[in-house]
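Worksheet: the structure to be examined is printed underneath.
Chain identifiers are assigned alphabetically (A, B, ...) following the order of the sequence lines, protein sequences preceding nucleic acid strands; residue numbering begins at 1 within each chain. Just so you know, these numbers come straight off a predicted model, no measurement behind them.
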2 protein chains.
Amino acid sequence: MPNLLGYNVRRAEIALWRDFSRTVGEGEVRPALFSLMILVEANPGVAQIDIANQLDIDKATIVGLVQRLQRRQCVVCRRSEVDRRRQGIFLTDRGQKELNQLRQEMLDHETRFTRLFSAQELAQLFTLLRRIHP
Amino acid sequence: MPNLLGYNVRRAEIALWRDFSRTVGEGEVRPALFSLMILVEANPGVAQIDIANQLDIDKATIVGLVQRLQRRQCVVCRRSEVDRRRQGIFLTDRGQKELNQLRQEMLDHETRFTRLFSAQELAQLFTLLRRIHP
DNA sequence: TATTGTTATACTCTATAACTATA
DNA sequence: TATAGTTATAGAGTATAACAATA
């Protein structure tokens, strides 16, 4: 089993998750929520369906994540004027401020793991992982 | 974000999980349950606490997994004579038969991903992943 | 007909805290 | 005191199915 791909990827994911949970966002923000905030910041007004496609998860799953961010007053949704089915998602000032804080904690978290590798090893690891999730 | 370690590991894990779920055990057995069966097969009579330590998850989490295997009549538990706190877990004949079937499906699943890599790349990937979950 | 978002529901896997029985 | 197992509870993140509103 130690030589099974899925097993090793899962173990790595759990280790990363634990460190993230214990060091980022005072235990209130988890990787998926953070990813969503980053996406909204980079694409102000992005629609839920686009996020779902980008992250390759079902659109129904996005709804709950967005609602959690709305409750935290980190994002607001505005219905599109041109296509009234779509809702643009925007970071609030508060969301932006919180994200700036999270980003720093997140980079510290990231560094605790990336420093285990040389630049070349890290690039190689990314290349290999991306082959699994094309 | 595409250059964040956690993000790429998580995406890879989701991709592996989906393929596993759709091709192994007719959608009734998931990676964690499969891992547990493999561990029990390799260590007949293993105690729950040892499994928890081996997989690096809390012992309370193991209980539910074992109970699911008991309900499927794949394992039985026998209390130890020497230390009555411990319970040995054993595969039943039925569990062994089911595991043999699962193993084949699982290897097909594994191959669909490992064939994306050369032997050297795969070894490298394992080395790097293990550095994340020491 | 197709797409966007929503609701309802369920599942896997993890965690923590408090408990019992045993050592 | 410490350990093995259990129970209760909670939470994140995924999925499917069915629906309303809109295109």
>> Dot-bracket, 5' to 3', for DNA chain D please: Watson-Crick or G-U pairs under 3.5 Å, [ ] where pairs cross earlier ones, | where the partner sits on another strand, dots elsewhere.
In response: |||||||||||||||||||||||
> Across the strands shown, which category fits A:Val82 at heavy-atom distances under 4.0 angstrom: base, sugar-phosphate, nothing?
Replying inline: sugar-phosphate
> To the nearest Å, how far apart are B:Leu33 CG and C:dC13 P?
Replying inline: 7 Å
>> Can you measure A:Arg86 atom CZ to C:dA2 atom P for me and round it to whole angstrom units?
In response: 18 Å
>> Under the salt bridge (Lys or Arg N to Asp or Glu O under 4.0 Å) definition, can you give me all pairs with a residue in residues 115-134 of chain B, not counting sequence neighbours?
In response: A:Glu121-B:Arg131, A:Arg131-B:Glu121
With a 3.5 Å cut-off and sequence neighbours excluded, list the donor-acceptor pairs that the side chains of residues 52-70 of chain B form with protein atoms.
unit_1: B:Asn53; atom_1: ND2; unit_2: B:Ile49; atom_2: O; d: 3.3
unit_1: B:Asp56; atom_1: OD2; unit_2: A:Arg18; atom_2: NH1; d: 2.9
unit_1: B:Asp58; atom_1: OD1; unit_2: B:Ala60; atom_2: N; d: 2.8

Can you check nucleotides 14-19 of chain C for protein contacts, nitrogen or oxygen pairs under 3.5 Å, and list what you find?
unit_1: C:dT14; atom_1: OP1; unit_2: A:Arg10; atom_2: NH1; d: 2.8
unit_1: C:dA15; atom_1: OP1; unit_2: A:Arg18; atom_2: NE; d: 2.9
unit_1: C:dA15; atom_1: OP1; unit_2: A:Arg18; atom_2: NH2; d: 2.5
unit_1: C:dA15; atom_1: OP2; unit_2: B:Asp58; atom_2: N; d: 3.1

> Reading DNA chain D 5' to 3', which nucleotide is the first, and which the last, to come under 4.0 Å of any heavy atom in chain A?
Replying inline: D:dA12 to D:dA23
> Is there a residue in residues 101-110 of chain A whose heavy atoms reach under 4.0 Å of DNA chain D, and which residues are they?
Replying inline: none
> If you look at every strand shown and take non-hydrogen atoms under 4.0 Å, does A:Glu13 touch a base, only sugar-phosphate, or nothing?
Replying inline: nothing
>> Distance check needed: C:dT12 C1' versus B:Leu55 CG, whole Å only.
In response: 15 Å
>> Ignoring hydrogens, what is the shortest heavy-atom contact between A:Ala15 and A:Phe113? Give both atom names and the distance.
In response: O-CZ, 3.9 Å
> Touch check for B:Arg68, heavy atoms < 4.0 angstrom, all strands: base, sugar-phosphate only, or nothing?
Replying inline: sugar-phosphate
